**Student:** 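Here it is: the structure, laid out below.
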Amino acid sequence: MYNPKEIKEAYDEIEHGKARMSAIRTAWEKADEQGDVPYQIFFRLEMCHESCFYGDGMDMLVIFPEILALMDQHPDAPVTEFQQLIYADSMDHVLWVYKWLLDHCVDFYQIPLEDCLNFFEDAKKRFLAYGYNLRPWYLAKYNLYVKIDADKAAEAYYEFEKLPRDFNSDCEACERNTEISFYLKRGDVERAAALSEAIEDFTLTCKDKWSAWLRMKKSFMHYYMKEKKFDKALEYCRMMERNMNAESEYKRWDDFLACYAYLDLGKALKIYKEHWKEWLKWRNPADEFRFCINVCRFFRELREHGEDGTGTEKTLVKLPYDSDFPLYQESGQYETAVLYDYYYRRAKELAEKFDTRNRAEGYGKELEEALCMTR
């Protein structure tokens, strides 16, 4: 017999990832068969959560239009027992998740810019109609324009700052981290440091004790990498390594790879050998672009300075690739220059696709600037 509570409790026992997503998909199919509108919406929202925080966001982008269609048919749909302590009704929950979609649609060059902008306009109307302000909407708009139009991005950010928090705002720690990131990107490290104090002493937290703290450290790590202060960047890298939690967001092994590449190539090589295969499986193009840049940095440093960093050029490296890797050789020996070129071509291809979608040059400039970083 159909029992949505038991279905929910059953998939909650499954480890995060593909298996749980498959179980959630089965759950909403059963709700569809029963015409159980609150659970049709709820189970799809559960898929969005799983996709956003334990996947790459692609499944959320596919399923969210179905959620909007259900809400248009049933605008007053009530919540289930699993939502009632947090949300007033199903629309309330949908608007919360809509923010995640706005943040993720920019990560996929396959989604035309016009479609991204249509999502933004639809979300704007729904937020205002429900009685919420546009504080989180402007924050998402800032993220949309960061690599498209710096002036529009800054304008959106300052509109975000003007508006008060309401129930649909992100948690205060998450918002603070966005503020920190914004000022670091503008080179105002003093203001960013002042804003970080409440996260540093755990006055502001998110999810668990470490999540907001780790996100803050990540922003400073990126800032010092961009400033070519590799010793300082590595300090933050090691702090994150020591305190990582279970969330995939903070297991930034490709960023760690880039940090170690400048100061400890032996550790960087170990990281690459442990994680190359999982990086091949990523489906989020923006994440793939980032890790390709970081791997390029690693292979360039390895080629120019050798595994021990003494300056002895290393033209060959032995790696545990298997047939999944496009350049697989049975010998296990690979030219570092060839590996660099492989990842560079992929990064350049992604940059061109994003910049074509965005009608801008942001990704190409990021690639060029990142690969100018040398010790």
Side-chain angles (χ1 to χ4, degrees), residues 52 57 60-61 64-65 68 95-130 132-166 168-170 172 174-189 191-192 195 215-216 218-219 222-223 226-227 284-290 293 347-348 350-370:
C52 181
M60 175 176 64
L61 293 170
F64 200 79
L68 293 178
L95 295 181
W96 182 267
V97 175
Y98 213 151
K99 299 180 299 178
W100 306 345
L101 179 126
L102 297 181
D103 283 335
H104 275 74
C105 66
V106 69
D107 288 350
F108 291 83
Y109 63 78
Q110 300 93 327
I111 302 178
L113 184 59
E114 291 75 13
D115 288 354
C116 293
L117 295 174
N118 286 338
F119 276 129
F120 270 81
E121 285 307 304
D122 180 70
K124 181 178 183 178
K125 292 175 183 176
R126 292 178 189 268
F127 289 171
L128 293 174
Y130 198 80
Y132 288 137
N133 69 33
L134 297 179
R135 182 176 170 90
W137 185 86
Y138 277 115
L139 198 55
K141 190 175 181 182
Y142 158 70
N143 289 323
L144 172 70
Y145 280 107
V146 162
K147 288 191 179 71
I148 298 176
D149 187 318
D151 290 337
K152 285 186 177 180
E155 180 183 337
Y157 177 82
Y158 291 127
E159 289 297 323
F160 150 76
E161 278 194 330
K162 292 177 186 176
L163 290 168
R165 290 174 48 78
D166 63 18
N168 202 39
S169 295
D170 290 338
E172 194 170 353
C174 290
E175 288 190 340
R176 179 64 58 86
N177 264 310
T178 301
E179 295 170 37
I180 292 166
S181 176
F182 174 80
Y183 287 106
L184 284 174
K185 286 175 182 175
R186 299 176 75 84
D188 192 344
V189 68
R191 185 162 186 178
L195 287 167
R215 192 175 297 171
M216 180 263 290
K218 179 180 68 176
S219 292
H222 287 165
Y223 168 77
K226 189 173 183 180
E227 293 295 305
N284 183 306
D287 286 343
E288 185 181 358
F289 173 72
R290 185 196 76 230
I293 288 177
K348 186 173 178 58
L350 288 166
E352 290 171 350
K353 288 180 177 179
F354 273 113
D355 285 342
T356 298
R357 190 278 298 269
N358 293 339
R359 299 188 289 275
E361 300 177 346
Y363 279 84
K365 287 181 178 178
E366 180 178 345
L367 174 61
E368 181 180 341
E369 290 173 4

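Please read all numbers here as calculations on a predicted model, not as lab measurements. Hydrogens, waters and symmetry mates play no part in the numbers below; they use all other heavy atoms, side chains included. Each residue takes its place number in the sequence, starting with 1.
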**Student:** Drop me the distance from Arg215's CZ to Ser181's OG, to the nearest 0.5 angstrom.
**Tutor:**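 Arg215 CZ to Ser181 OG: 10.5 Å, rounded to 0.5 Å.
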**Student:** Are any of the side-chain nitrogens in Lys99 or Asp170 under 4.0 Å away from the carboxylate oxygens of its partner?
**Tutor:** yes
**Student:** I'd like to know if the side chain of Asp107 reaches the main chain of Ala286, judged simply by a donor and an acceptor atom lying under 3.5 Å from each other, with no hydrogens or angles considered.
**Tutor:** no
**Student:** Hey, mind stepping through Lys348 and Glu352 against salt bridge (Lys or Arg N to Asp or Glu O under 4.0 Å) and telling me if it holds?
**Tutor:** CA-CA 6 Å; Lys348 186 173 178 58; Glu352 290 171 350; 3.7 Å; yes
**Student:** Grab the two heavy atoms, one from Leu144 and one from Cys116, that are nearest each other, plus how far apart they are.
**Tutor:** CD1-CB, 4.4 Å
**Student:** Looking at every non-hydrogen atom in both residues, tell me the closest pair between Trp100 and Met60 and how far apart they are.
**Tutor:** O-CE, 3.7 Å
**Student:** Applying side-chain contact (heavy atoms from CB on, under 4.5 Å) to Arg126 and Leu68, what does each step give before you reach the verdict?
**Tutor:** CA-CA 10 Å; Arg126 292 178 189 268; Leu68 293 178; 3.8 Å; yes
**Student:** Side chains of Leu102 and Leu139: closer than 4.5 Å at any heavy-atom pair?
**Tutor:**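 Contact flag for Leu102/Leu139 side chains = no.
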**Student:** Any donor-acceptor pair under 3.5 Å linking the side chain of Arg176 with the backbone of Leu195?
**Tutor:**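 Yes; judged by distance alone, with no hydrogens or angles, the pair exists.
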**Student:** Taking atom CD1 of Ile293 and atom OH of Tyr363, what is their separation to the nearest 0.5 Å?
**Tutor:** 10.0 Å
**Student:** Please report the shortest heavy-atom distance between Val106 and Phe354, naming the atom on each side.
**Tutor:** O-CE2, 3.6 Å
**Student:** What I want to find out is whether Glu155 reaches Lys152 closely enough, with some N-O distance under 4.0 Å, to be called a salt bridge.
**Tutor:**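 Between Lys152 and Glu155 there is no salt bridge, as every charged N stays at least 4.0 Å from the carboxylate O atoms.
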**Student:** Taking the side chain from Asn133 and the backbone from Pro164, do they hold a donor-acceptor pair closer than 3.5 Å?
**Tutor:** yes
**Student:** Scan side-chain atoms only and decide if Tyr98 and Asp122 contain a donor-acceptor pair under the 3.5 Å cut-off.
**Tutor:**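 Yes, because at least one side-chain N or O of Tyr98 sits under 3.5 Å from a partner of the opposite role on Asp122.
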**Student:** Mind listing the closest non-hydrogen atom pair of Phe108 and Pro285 along with its distance?
**Tutor:**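 For Phe108 and Pro285, the tightest heavy-atom pair comes out as CD2-CD, 3.4 Å.
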**Student:** Could you state the interatomic distance from OG1 (Thr356) to CD (Glu361), rounded to the nearest 0.5 Å?
**Tutor:** 10.5 Å
**Student:** Whether Arg165 and Glu175 form a salt bridge (side-chain N of Lys/Arg under 4.0 Å from carboxylate O of Asp/Glu) is what I want to check.
**Tutor:**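 Salt bridge flag = yes for Arg165 with Glu175.
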**Student:** Looking at NE2 of His104 and CG of Asn284, how far apart are the two atoms once the value is rounded to the nearest 0.5 Å?
**Tutor:** 6.5 Å
**Student:** Any chance you could measure Leu184, atom CG, to Glu227, atom CD, to the nearest 0.5 Å?
**Tutor:**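 One gets 9.5 Å once the value is rounded to the nearest 0.5 Å.
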**Student:** Might you point out which heavy atoms bring Tyr142 and Ala156 nearest each other, and give the distance in Å?
**Tutor:** N-CB, 3.7 Å
**Student:** If you apply the rule ring pair (Phe, Tyr, Trp, His ring centres under 6.0 Å), what do you find for Tyr138 with Phe120, and how did you get there?
**Tutor:** CA-CA 10 Å; Tyr138 277 115; Phe120 270 81; 9.9 Å; no
**Student:** Evaluate side-chain contact (heavy atoms from CB on, under 4.5 Å) for Cys105 paired with Leu61, printing each intermediate quantity in order.
**Tutor:** CA-CA 7 Å; Cys105 66; Leu61 293 170; 4.1 Å; yes
**Student:** Are Glu121 and Lys125 within salt-bridge range, i.e. N to O under 4.0 Å?
**Tutor:** no
**Student:** For Asp103, what residues pass the side-chain contact (heavy atoms from CB on, under 4.5 Å) criterion, not counting sequence neighbours?
**Tutor:**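 Ala140, Asn143.
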**Student:** To the nearest 0.5 Å, what is the distance between NZ on Lys218 and CD1 on Ile180?
**Tutor:**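 If we round to the nearest 0.5 Å, Lys218:NZ and Ile180:CD1 are 12.0 Å apart.
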**Student:** Is it the case that over 12 heavy atoms from other parts of the model lie below 6.0 angstrom from the CD atom of Gln110?
**Tutor:**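 More than 12 heavy atoms, drawn from other residues, nucleotides or ligands, come within 6.0 Å of this atom.
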**Student:** Is the terminal nitrogen or CZ of Arg357 (NZ for Lys, CZ for Arg) located under 6.0 angstrom from the six-membered ring centre of Tyr109 and within 45° of that ring's axis?
**Tutor:**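 Cation-pi check for Arg357 and Tyr109: fails.
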**Student:** For Tyr158 and Phe182, run side-chain contact (heavy atoms from CB on, under 4.5 Å): C-alpha distance rounded to whole Å, both residues' side-chain angles, the deciding distance at 0.1 Å, then the answer.
**Tutor:** CA-CA 10 Å; Tyr158 291 127; Phe182 174 80; 3.7 Å; yes
**Student:** Would you tell me whether Glu161 and Tyr157 have side-chain atoms, one donor and one acceptor, within less than 3.5 Å of each other?
**Tutor:**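 Distance-only check passes for Glu161 and Tyr157.
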**Student:** Yes or no on side-chain contact (heavy atoms from CB on, under 4.5 Å) for Arg135 and Asp166, after CA distance, side-chain angles and deciding distance?
**Tutor:** CA-CA 8 Å; Arg135 182 176 170 90; Asp166 63 18; 5.8 Å; no
**Student:** Report yes or no: does Asp149 contribute a side-chain atom to a donor-acceptor pair with the main-chain N or O of Asp151 at less than 3.5 Å?
**Tutor:** yes
**Student:** Assess whether salt bridge (Lys or Arg N to Asp or Glu O under 4.0 Å) is satisfied between Lys365 and Glu368, documenting all intermediate values.
**Tutor:** CA-CA 5 Å; Lys365 287 181 178 178; Glu368 181 180 341; over 6 Å; no
**Student:** Before accepting this row, confirm whether a basic side-chain N of the pair Arg359/Glu114 lies closer than 4.0 Å to the acidic partner's carboxylate O.
**Tutor:** yes
**Student:** Determine yes or no for a side-chain-to-main-chain donor-acceptor pair under 3.5 angstrom, with Asn168 supplying the side chain and Tyr132 the backbone.
**Tutor:**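 Such a contact is absent between Asn168 side chain and Tyr132 backbone.
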